[in-house]
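The basis for the numbers below is simple: all heavy atoms, side chains too, and nothing from hydrogens, waters or symmetry mates.
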Amino acid sequence: MEGVPNLPPHLQGEFMQNLEQMQMKDSLTMYNNLVERCFQTCITSFRSKSLDKHETSCVEHCASRYIKMTQRVGLRFAEHQALQQKRAADAAGAGR
């Protein structure tokens, strides 16, 4: 992202549009994975049009755990990226 300001203006717009599309795709993928996982885990019968108390509770807990796990993975990934950038900067500084 540091190099974006160095791009020509027409490429900056294109880059940002592509980035937004990727973020939207990732969000939809995460949502679809959450729905699929919680449905497969929690919904056991189709006796009625609405969820019973057990299914409702299961879905709420499943979604909560999935979101917390996704946030934690994202945080760890950001920490890893920061560490990699620091190592690269240190290596570049030592090479001078």
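A distance of 9.5 Å separates OG1 of Thr41 from CD of Glu36, quoted to the nearest 0.5 Å. Of the inter-residue distances, the one linking Tyr66 atom OH with Gln71 atom CD reads 12.0 Å to the nearest 0.5 angstrom. How far CG of Leu34 is from OG1 of Thr70: 7.5 Å, rounded to the nearest 0.5 Å.
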- Task: Decide side chain to side chain contact (heavy atoms under 4.5 Å, CB included) for Met69 and Val73; before the verdict, give the C-alpha distance in whole Å, the side-chain angles of both, and the deciding distance to 0.1 Å.
- Result: CA-CA 6 Å; Met69 181 270 308; Val73 168; 3.9 Å; yes
task = Show your working on side chain to side chain contact (heavy atoms under 4.5 Å, CB included) between Lys68 and Arg65 and close with a plain yes or no.
result = CA-CA 5 Å; Lys68 287 177 184 175; Arg65 285 191 313 264; 5.8 Å; no
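Here the side chain of Ser27 pairs a donor or acceptor atom with the backbone of Gln23 at under 3.5 angstrom.
No side-chain N or O of Gln81 forms a donor-acceptor pair with one of Gln85 less than 3.5 Å apart.
Residues satisfying the salt bridge (charged side-chain N to carboxylate O under 4.0 Å, His left out) test with Lys86, not counting sequence neighbours, are Asp90.
Of all the heavy atoms in Glu55 and Cys42, the pair that sits closest is CG-O, 3.4 Å. Counting all heavy atoms, side chain and backbone alike, Arg47 lies closest to Ser45 at CZ-OG, 3.4 Å.
Met30 is connected to Val35 through a chain of hydrophobic side-chain contacts under 4.5 Å among Ile, Leu, Val, Met, Phe, Trp and Tyr, so both are in one cluster.
Checked options His61, Lys53, His54; the residue passing with Ser57 is His61 (criterion: side-chain contact (heavy atoms from CB on, under 4.5 Å)).
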